[in-house]
Structure formats: C-alpha cells, structure tokens
2 protein chains.
Amino acid sequence: MTMTTEAKASTRERLLEAAATLTYREGTGVGIQALCQAAGVSKRSLYQLFDSKDELLAVSLERGAPAYKAWLLPPAGDDRSPRERILHVFGQLESQSAAPDFQGCRYLAVQIELKDPTHPASRVARGVKDDLTGFFRAEADRGGARDPDLLARQLMLIFDGASARAGVGADDLAGLVSPTVGGLLDAAGLR
Amino acid sequence: MTMTTEAKASTRERLLEAAATLTYREGTGVGIQALCQAAGVSKRSLYQLFDSKDELLAVSLERGAPAYKAWLLPPAGDDRSPRERILHVFGQLESQSAAPDFQGCRYLAVQIELKDPTHPASRVARGVKDDLTGFFRAEADRGGARDPDLLARQLMLIFDGASARAGVGADDLAGLVSPTVGGLLDAAGLR
DNA sequence: ACCAACATAAACCGATCGGTTTCCGCTTCT
DNA sequence: AGAAGCGGAAACCGATCGGTTTATGTTGGT
C-alpha cells in the first residue's frame with residue numbers, strides 16, 4: 001500500500017485553496033488559467049480531479065464551510081447564554097470586517113454573482129446560509145424568544161446587510177452591529 | 001433645425017435600456033454582443049456613442065438613478081412624519097421584492113460583482129447608495145432621533161440586508177421588514 | 001435629385017474563455 | 001534496472017471576449 005493515510009493531498013488541496021482565494025478576491029469569473037497558475041497545477045490535473053470549473057468552485061466552497069462555521073459560530077458545548085452566543089457571531093463578523101482584504105461574506109457574494117440558484121456553487125452557498133439561519137433560530141428558541149423564526153430572519157438581515165455594506169466599503173461596522181443586534185434581542189425578549 | 005425637441009432618442013436609449021435590463025438579469029459580465037442584439041443596435045453605433053462597455057454600464061446606471069429614487073423615496077414636499085417617510089422606503093422595497101424577476105438592489109449587486117471600487121459603474125452605484133443614506137439621516141435628524149447618523153447606518157444595514165436576502169431568494173421579507181424597522185425607529189426615539 | 005449623416009451587418013483583430021490532448025519528466029514500486 | 005503512472009508544460013480546440021473597421025444601406029435636408 002502506498003501511504004493511504006497521512007497523505008499530502010497536495011495537488012487537489014492547492015487547487016481548492018487557490019479557488020477559494022481567487023474567487024473571493026476577483027469573483028467567480030476568474031479564469032481557470034489564473035486558477036491553475038496560482039495553484040501551480042496544470043489544467044490537465046485540474047480536469048482529472050474535477051469535472052468542470054463549476055464543480056471546482058462548488059467543492060472549494062464546500063470544503064471551506066466547516067472552517068468558516070468553526071470560526072464564526074461559538075463552540076457547541078458553550079456555557080454562555082443564547083444572547084452571548086448570538087453576539088459572538090456578530091463579533092466575529094465585525095472583527096473580520098476590519099481586515100484589509102475583507103470583501104463581505106463569500107457565500108452571499110457567490111449567490112449574487114452567479115444569478116443562477118441551481119448552479120452547484122450557489123447551492124453550496126445557500127446551504128451554508130441556511131445553517132447559519134438554523135443556528136440563530138435554535139439559539140432564539142433556547143433563549144425563549146417571542147418569535148424565534150422571526151428573530152432568526154432578522155438576524156440574518158443584519159448579518160448579510162453588515163457583510164455586504166462592509167464588503168463594499170460602505171461602512172466599517174464599528175459601533176453599529178452590537179447595539180443593533182442587542183436592540184433586536186431585547187425586543188424579542190431574549191433572556 | 002432638425003427636430004431638437006420631441007426627439008426619439010432611439011438608438012442611445014435602446015442601448016441604455018438594454019444595458020439596464022441585461023446587466024441586472026445576467027450580471028455585469030454580459031457581453032456587448034448580447035447587449036447590442038437586445039438593443040437592436042450595431043457594435044459600431046455602440047462605440048461611437050460610448051467609449052467603452054464600462055462607460056455604457058456607468059451611464060446606464062446613472063440614467064436609471066433618478067427614476068429609482070423617485071420610485072423609492074417619498075415625494076419631497078410630503079406632509080408625512082419622518083417615521084412614515086422612512087417606512088415608505090421599506091414598503092417600496094418589500095413590494096418590489098415580490099416581483100418574480102426581483103434580484104435585489106442593482107446598485108449593491110454592481111458593487112459586489114465589480115470588486116473594483118474605482119470602476120465607473122461602481123462609483124455611480126456608490127453615489128446612489130450614499131444618497132439613500134443621506135435621505136435616512138436627514139429624516140432621522142428631522143424626527144429627532146437620538147443618534148441620526150447611527151440610525152441612518154442601521155437603516156442601510158436593513159435595506160441592503162433585506163435587498164440581498166430577497167434578491168437571492170433566501171427570504172420573501174413578508175412580515176419581516178416593517179416590524180424590524182419599526183423597532184429600530186422606536187429604539188432611536190423617533191417621534 | 002443629390003448629398004451628407006447616420007446605422008446596420010459583418011468581417012476582422014488579438015486575447016482569453018472553458019476544456020482537451022499530446023508529450024515528456026519525474027517519482028515510486030517491483 | 002525496468003515498468004507504470006502521476007503531474008507539469010504547452011499546443012490545441014471552437015467559442016467568445018472587448019473593440020475596430022469596411023462596406024452597404026437608409027434616411028432626411030436642401
């Protein structure tokens with residue numbers, strides 16, 4: 001057997017990483033030539049690892065999702081209150097928005113750029129967004145919100161709005177997100 | 001004189017209209033071939049009316065801005081309260097979001113698609129967004145909000161968030177926007 | 001009736017698109 | 001050492017990109 005475990009997984013990983021980086025910075029319209037060059041991989045290798053550019057984008061987005069969630073969401077077995085756990089998410093967003101290369105939530109951007117909701121990458125993006133909505137609703141529920149579904153939708157409104165505004169450089173979110181979310185949680189009666 | 005008034009303005013107008021329609025539906029990446037075909041105009045005419053595709057996009061966006069504002073904002077000499085005037089904007093957004101071909105705010109989409117903020121079309125889009133922010137701030141001020149600047153930023157958060165969420169089909173905004181904005185206005189002490 | 005301006009269709013330009021194929025070097029196993 | 005296969009470089013495919021040019025109407029003014 002040829003080292004089944006431990007694997008370096010290099011060529012595929014480099015492609016996925018390059019796809020993640022370049023499509024975020026330049027949009028989903030980046031050429032596969034640029035992708036391959038950035039990854040140091042030949043087009044030949046690309047097309048024997050993936051069926052198409054679309055699939056590469058989708059897999060790249062999907063592979064990055066767990067890390068994104070792990071970074072955005074609080075640990076599962078957290079002892080903090082739902083309120084604090086929800087605010088944690090927005091704190092992460094706000095801190096990320098300070099980065100010089102921040103361009104907003106990549107999953108939202110992908111859905112906007114690829115107008116077609118049936119595009120594989122768009123489907124993956126929608127799934128990630130749905131997961132975040134689910135987190136909000138679960139916490140809203142746990143915190144005894146008056147209308148957990150409504151609160152979850154409101155939080156997503158703020159999340160995507162903040163992400164988009166900061167992503168296009170229209171706002172830096174400083175002193176904006178926390179009070180807004182706080183007000184929402186108060187109004188929802190989140191204990 | 002060759003009919004200075006009354007003008008049919010056909011060729012240029014058709015191009016601007018086609019640009020508005022197609023870039024909204026398909027994104028800023030549409031080819032000029034498709035643009036010309038939709039407008040029933042030759043590429044030659046395009047390039048003697050505009051310097052480049054980028055300029056065409058920018059002019060198209062700019063030409064549509066007054067109509068957009070007229071539709072979105074309440075009449076200038078309105079006798080309604082600031083609160084009602086602000087809610088009018090969100091009512092318009094919500095009603096627009098029901099349309100089957102709604103894809104979110106085109107000015108936000110343009111900024112996200114063209115990552116480059118110096119792109120002429122991106123500059124135009126930013127200007128329109130700034131105008132809306134200015135409207136919110138003016139109304140917040142007039143209504144005696146505790147912190148008019150903060151309220152304006154919050155309202156833009158909601159506006160862009162709602163536009164993006166509805167645009168990608170993640171939410172239909174029904175029963176979501178009005179209570180959320182209402183809560184914000186209450187919290188800001190808008191009389 | 002003639003002329004000038006404008007708009008069209010279509011060929012053309014070099015560059016790039018997504019995707020395929022050929023060739024060749026390098027590693028790795030036997 | 002020899003065989004097998006992975007992966008990189010690069011040519012190649014037809015199509016399209018943004019943009020230019022030529023040649024052919026078509027129109028309206030005098």
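This one's a predicted model, so the numbers in the text were calculated from it and none came from an experiment. In what follows, chains are A, B, ... by sequence order, proteins preceding strands, each numbered from 1.
For the pair A:D130 and A:R137, the salt-bridge criterion is not met [side-chain N within less than 4.0 Å of a carboxylate O]. Salt bridge present: B:R63 and B:E17 bring a charged side-chain N and a carboxylate O closer than 4.0 Å.
The CD-P distance, from A:E13 to D:dG7, rounds to 13 Å in whole Å. If you measure from atom CD of A:Q37 to atom C1' of C:dC17, you get 15 Å, rounded to the nearest angstrom. The CZ atom of B:R12 sits 16 Å away from the C1' atom of C:dA7 (whole-angstrom rounding). A:Q48 places its CD atom 11 Å from the C1' atom of D:dG8, with the value rounded to the nearest Å. In this entry the distance linking CD1 of B:I32 with C1' of C:dT8 reads 15 Å, nearest Å. Distance, A:L35 CG to C:dT16 P: 16 Å, rounded to whole Å. For B:L22 and D:dG18, the CG to P distance is 12 Å, given to the nearest whole Å. One can place CG of B:L46 at 13 Å from C1' of C:dT8, the figure rounded to the nearest angstrom.
Of the candidates C:dT20, C:dT8, D:dG7, the closest approach to any side-chain atom of B:T11 belongs to C:dT8. The side chain of A:Y47 has C:dG18 as its nearest neighbour among D:dG18, D:dC17, C:dG18.
Residues B:V89 and B:M156 share a hydrophobic cluster, clusters being chains of Ile/Leu/Val/Met/Phe/Trp/Tyr side chains in contact below 4.5 Å. Taking hydrophobic clusters as Ile, Leu, Val, Met, Phe, Trp and Tyr residues chained together by side-chain heavy-atom distances below 4.5 Å, B:F90 shares a cluster with B:V128.
With hydrogens and angles disregarded, a donor-acceptor distance shorter than 3.5 Å links the side chain of B:S163 to the backbone of B:C105. Proximity of a side-chain donor or acceptor of B:E84 to a complementary backbone N or O of B:R80 within less than 3.5 Å is not detected.
For the pair B:D172/B:S97, no side-chain contact is recorded, criterion being any heavy-atom separation below 4.5 Å from C-beta on.
Where B:S42 and A:K53 each meet DNA chain C at their nearest nucleotide, the meeting point lying more 5' is that of B:S42.
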Could you go through nucleotides 22-24 of chain C and list every protein N or O atom that sits under 3.5 Å from one of its N or O atoms, giving the distance for each pair?
| from | atom 1 | to | atom 2 | distance (Å) |
| --- | --- | --- | --- | --- |
| C:dT22 | O4 | A:R44 | NE | 2.9 |

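Between A:Q33 and C:dC17 there is a side-chain polar atom (N or O) within less than 4.0 angstrom of OP1 or OP2.
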